[in-house]
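Before any comments, here is the structure.
None of these values were measured; they are calculated from a predicted model. Just follow the structure's listing: the first ligand is 1, and inside any ligand the first atom is 1.
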Amino acid sequence: MINVNHHHEINVFNETASRMLHMTTPILQVAEHLLIQQFTLSELISQTFNQKNGQRTILNLAIDGENKQYEATTFFQTDDEHTEVMVILYDLTTVLKVERMQADFLANASHEFKTPLTAITGFAETLQGSAGEDQSIREQFLQIISDETKKLTLLVNDVLSLSKIKHEPDRNTEERINLYMLVQEQWQSIQHLVIKNDIKLVNDIPDNFEVVTFKNDLTIIVKNLLANAVKYNRENGQVRLSAQKTADHWSFSVRDTGIGIPTNQQARVFERFYRGDESRQKTIADGTGLGLAIVNELLAKHQGNIKLNSQVGVGTTFTVIFPNK
Ligand code: ADP
């Protein structure tokens with residue numbers, strides 16, 4: 001909060017204002033100090049005095065090298081002797097950032113849904129015409145429709161998982177889980193991918209390695225990392241699992257012998273809908289670009305962390321770290 005008296009002198013400049021504007025209490029006890037450093041704010045104060053009415057605006061400021069958006073509301077107060085203006089600052093940076101991310105997410109999701117839907121509609125319409133009478137064309141087109149429908153289902157499931165992490169309260173409770181067994185089970189569940197690429201699992205996690213956490217969430221994390229390690233592997237490649245415990249953490253690593261992730265893409269793989277250049281071309285594997293974003297959200301929920309180490313043509317290691325309970 002900032003208070004400015006009728007001489008345009010600042011008589012209150014509290015801690016929060018000082019932190020938000022990155023200014024110590026103005027040395028010159030006059031609003032001119034603000035004028036020099038925060039022109040828009042000082043304009044707002046003058047306007048409030050002139051119009052004798054409260055004002056509101058959004059301030060875009062660069063504070064300490066960071067872009068900030070503050071809502072500044074002014075209140076005009078007067079009695080027989082004094083007039084003064086009070087300024088309340090409210091930090092909107094995070095709220096606006098989340099709004100922008102939601103808008104981006106919606107735009108990206110719509111785009112991703114459109115691609116398979118266009119294909120399904122197009123091929124279905126073609127089949128309704130004379131092309132549908134040719135059996136080989138019919139089989140070929142029906143296969144495309146079936147493949148695109150599967151992609152759509154994957155996409156819907158991933159979008160729903162993401163939205164659940166954010167909006168649904170966790171009804172599960174923590175339980176003791178054998179990590180070795182969980183990996184074995186999840187490896188079985190992605191056999192269709194494993195067989196396609198002929199990948200071998202080396203599970204070096206001790207068979208009595210137990211952790212206490214939310215089973216559903218850990219299962220999704222393990223499954224997504226295993227599926228990627230298989231999808232982006234080379235033929236006859238290997239996926240090696242290991243796990244460690246320290247006094248305050250436990251962790252596990254998924255190491256593959258695959259295509260690797262170029263350094264300039266490594267920071268981006270956790271973004272929603274991001275697919276690496278090669279994966280985008282769909283020559284390697286189908287995917288939604290949401291797998292690692294889901295892993296990341298789940299880890300954030302449990303104060304976990306993920307590290308990535310990768311070398312193009314050699315392989316990738318993802319290490320997941322959880323605090324001990
Ligand atoms: P998807 O696999 O559906 O494309 P993800 O969010 O799981 O989406 O991964 C994002 C991108 O990160 C992938 O498209 C791929 O380019 C890259 N990636 C993820 N895991 C690996 C891996 N183990 N090896 C190489 N690239 C990977």
Would you check if M1 and V12 make a side-chain contact, meaning some heavy-atom pair closer than 4.5 Å?
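They are in contact (side-chain heavy atoms under 4.5 Å apart), so the answer is yes.
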
Could you check if a side-chain atom of D256 sits within less than 4.5 angstrom of a side-chain atom of N228, using non-hydrogen atoms only?
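Not touching, per the 4.5 Å side-chain cut-off.
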
What I want to know is whether [X] and ligand 1 share at least one N or O pair that is separated by under 3.5 angstrom.
| X | value |
| --- | --- |
| G291 | yes |
| Y274 | no |
| D286 | no |

Electrostatic pair [X]:[Y] at N-O distance under 4.0 angstrom:
| X | Y | value |
| --- | --- | --- |
| E112 | K151 | no |
| E66 | K68 | yes |
| K215 | E175 | no |

Part of [X] with heavy atoms under 4.0 Å of ligand 1, whether side chain, backbone, both or neither:
| X | value |
| --- | --- |
| Q265 | neither |
| D256 | side chain |
| L292 | both |
| I261 | side chain |
| F318 | side chain |

According to a 4.5 Å side-chain heavy-atom criterion applied to Ile, Leu, Val, Met, Phe, Trp and Tyr, with indirect links allowed, do L299 and L226 form part of one hydrophobic cluster?
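Looking at the clustering, L226 is in the same group as L299.
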
Does V239 belong to the same Ile/Leu/Val/Met/Phe/Trp/Tyr cluster as M181, with side-chain heavy atoms less than 4.5 Å apart forming each link?
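Hydrophobic grouping puts V239 with M181.
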
Distance filter under 4.0 Å to [X] heavy atoms, resulting ligand 1 atoms:
| X | result |
| --- | --- |
| K231 | 1 (P), 2 (O), 3 (O) |
| G287 | 3 (O) |
| G260 | 25 (C) |
| V269 | 6 (O), 10 (C), 12 (O), 17 (C) |

If the test is side-chain contact (heavy atoms from CB on, under 4.5 Å), which one of V222, L182, V194, L193 qualifies with W187?
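Only one of V222, L182, V194, L193 forms a side-chain contact (heavy atoms from CB on, under 4.5 Å) with W187, namely V194.
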
Nearest option to atom 8 (O) of ligand 1, as decided by whichever heavy atom of G289, G315, S310 sits closest:
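Considering heavy atoms of G289, G315, S310, the nearest to atom 8 (O) of ligand 1 sits in G289.
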
Q55 and Q51: side chain donor to acceptor below 3.5 Å
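On atom types as modelled, these side chains qualify, holding a pair under 3.5 Å.
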
